[in-house]
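Here the structure comes first, spelled out in structure tokens, and everything after it is commentary.
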Amino acid sequence: MSELKSLGKQIDYTFDYKPEFLEAIPNPNTGRNYFVKLNCEEFTCVCPITHQPDFATLKIRYIPAEKLVESKSLKLYLTSFRNAGIFHESAVNRIADDLIKLLEPKYLEIEGLFKVRGGIAIEPFVNYGRGEFEQMAKERLARHE
């Protein structure tokens with residue numbers, strides 16, 4: 001794992017969107033379907049219009065294929081949204097797109113539980129499934145709350 005750029009190394013944090021922070025490691029359990037659940041309770045971005053901060057808990061769930069996301073790289077990646085001017089729905093979809101591109105998972109879902117601002121809480125949900133998990137993705141989206 002010496003080719004990893006972040007794990008075990010001193011890192012200068014950035015607060016500008018940097019998808020290149022994301023790194024993957026091999027999945028040692030490719031013969032089994034299982035969920036990986038990741039919760040980020042301190043996600044922050046800013047409104048692209050008002051530049052007011054937005055805070056959220058992100059719930060990332062995926063069924064890996066060949067790769068897992070390396071957790072420190074995910075932390076650095078999510079931190080890079082700190083000053084990114086982006087709407088809630090776009091942030092969740094961008095994170096999904098970046099993780100799908102990196103991991104090529106069997107299934108992935110992300111829920112953004114954004115804090116109330118202006119009297120409204122916005123909670124976007126996005127998911128993706130391929131192969132045998134494509135139908136599961138459709139069903140989970142249809143039944144999501």
Side-chain angles (χ1 to χ4, degrees), residues 1-115 117 121-142 144-145:
M1 300 224 198
S2 62
E3 67 276 0
L4 293 175
K5 295 178 271 184
S6 303
L7 188 61
K9 297 175 179 74
Q10 180 69 30
I11 299 297
D12 291 326
Y13 285 83
T14 184
F15 299 107
D16 298 310
Y17 170 68
K18 299 271 189 202
E20 59 270 19
F21 275 141
L22 282 174
E23 295 186 278
I25 59 174
N27 175 9
N29 302 293
T30 56
R32 174 179 295 135
N33 290 326
Y34 63 98
F35 265 103
V36 175
K37 297 180 177 185
L38 304 161
N39 292 326
C40 173
E41 296 183 5
E42 299 175 346
F43 179 79
T44 307
C45 58
V46 296
C47 174
I49 307 300
T50 66
H51 305 288
Q52 293 294 309
D54 291 311
F55 303 95
T57 294
L58 294 182
K59 294 184 175 190
I60 301 169
R61 311 285 186 254
Y62 70 100
I63 299 173
E66 301 297 320
K67 298 180 261 183
L68 302 170
V69 67
E70 194 283 309
S71 61
K72 183 174 182 181
S73 78
L74 179 65
K75 177 179 76 170
L76 293 169
Y77 166 75
L78 293 175
T79 300
S80 81
F81 279 86
R82 173 63 185 95
N83 290 328
I86 190 167
F87 291 117
H88 304 148
E89 300 86 349
S90 295
V92 170
N93 276 279
R94 182 173 297 165
I95 293 165
D97 289 344
D98 289 343
L99 287 173
I100 290 165
K101 181 179 176 184
L102 174 75
L103 301 175
E104 300 174 341
K106 296 176 183 179
Y107 177 82
L108 177 130
E109 66 184 37
I110 302 176
E111 185 171 21
L113 305 172
F114 284 83
K115 304 292 185 210
R117 192 158 66 79
I122 299 174
E123 299 182 351
F125 174 87
V126 62
N127 73 352
Y128 158 87
R130 66 178 170 96
E132 65 184 299
F133 295 97
E134 186 174 356
Q135 185 61 35
M136 181 177 123
K138 290 177 184 177
E139 291 170 6
R140 284 178 75 99
L141 183 62
H144 184 72
E145 295 191 338

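Side chains are part of it too, since the values below use all heavy atoms of this structure and drop only hydrogens, waters and symmetry mates.
With contacts defined as side-chain heavy-atom distances shorter than 4.5 Å, the pair Phe21/Thr79 does not qualify. Side-chain contact between Leu102 and Lys67 is absent, with no heavy atoms from C-beta onward closer than 4.5 Å. The side-chain heavy atoms of Pro124 and Phe87, taken from C-beta on, include no pair separated by under 4.5 Å.
Nearest heavy atoms, Glu41 versus Thr57: CA-OG1, 3.7 Å. A pairwise comparison of heavy atoms in Ala96 and Val126 identifies CB-CG1, 3.7 Å as the closest pair. Residue Cys47 comes nearest to Asp54 through the heavy atom pair N-OD2, 3.4 Å, listed as atom of the first residue, atom of the second, then distance. Nearest approach of Pro26 to Leu68, heavy atoms of both residues: O-CD1, 4.1 Å. When all heavy atoms are compared, the tightest approach of Ala84 to Cys45 is O-CB, 3.7 Å. Between Asn83 and Val46, the shortest heavy-atom contact is O-CG2, 3.7 Å.
Within the structure, ring-ring contact (aromatic ring centres under 6.0 Å, His included) pairs that include any residue of residues 37-67 comprise Phe43-Phe81 (at least two apart or interchain).
Note that CD1 of Ile86 is 9.0 Å distant from CG of Asn93, once rounded to the nearest 0.5 Å. Between the CG atom in Asn39 and the CG atom in Leu58 there is a gap of 9.0 Å [rounded to 0.5 Å]. Atom CZ of Arg94 sits about 12.5 Å away from atom CD1 of Ile110, to the nearest 0.5 Å. With rounding to the nearest 0.5 angstrom, the CD atom of Glu123 is 9.5 Å from the NZ atom of Lys115. Between Glu70 atom CD and Lys75 atom NZ the span is 9.5 Å, to the nearest 0.5 Å. Of the inter-residue distances, the one linking Ile63 atom CD1 with Leu108 atom CG reads 10.0 Å to the nearest 0.5 angstrom.
Residue Gln135 qualifies as enclosed at atom CD: its count of foreign heavy atoms under 6.0 Å is above 12. Residue Glu139 qualifies as enclosed at atom CD: its count of foreign heavy atoms under 6.0 Å is above 12. Other residues, nucleotides and ligands contribute only 12 or fewer heavy atoms inside 6.0 Å of the CD atom of Glu42. Atom NZ of Lys59 has 12 or fewer neighbouring heavy atoms from other residues, nucleotides or ligands inside a 6.0 Å radius.
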All N/O donor-acceptor pairs, side-chain side in residues 31-38, below 3.5 Å, sequence neighbours left out:
residue	atom	partner	partner atom	Å
Asn33	OD1	Lys106	NZ	2.6
Tyr34	OH	Asn27	OD1	2.6

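Within the 3.5 Å criterion, the main-chain N or O of Lys18 finds a donor-acceptor partner in the side chain of Ser80.
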Review point. How far apart are the C-alpha atoms of His144 and Glu109, what are their side-chain angles, what is the distance that settles it, and do they pass the side-chain contact (heavy atoms from CB on, under 4.5 Å) test?
Key: CA-CA 11 Å; His144 184 72; Glu109 66 184 37; over 6 Å; no

Practice item. Evaluate the side-chain contact (heavy atoms from CB on, under 4.5 Å) criterion for residues Glu66 and Glu104: first the C-alpha distance (whole Å), next the side-chain angles of each, then the deciding distance (0.1 Å), finally the verdict. Key: CA-CA 8 Å; Glu66 301 297 320; Glu104 300 174 341; over 6 Å; no

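In this structure, Arg82 fails the cation-pi test against Tyr17, since its NZ or CZ atom is not both closer than 6.0 Å to the six-membered ring centre and inside 45 degrees of the ring normal.
Under the 3.5 Å distance criterion, with hydrogens and angles disregarded, no donor-acceptor pair is assigned to the side chains of Arg130 and Tyr107.
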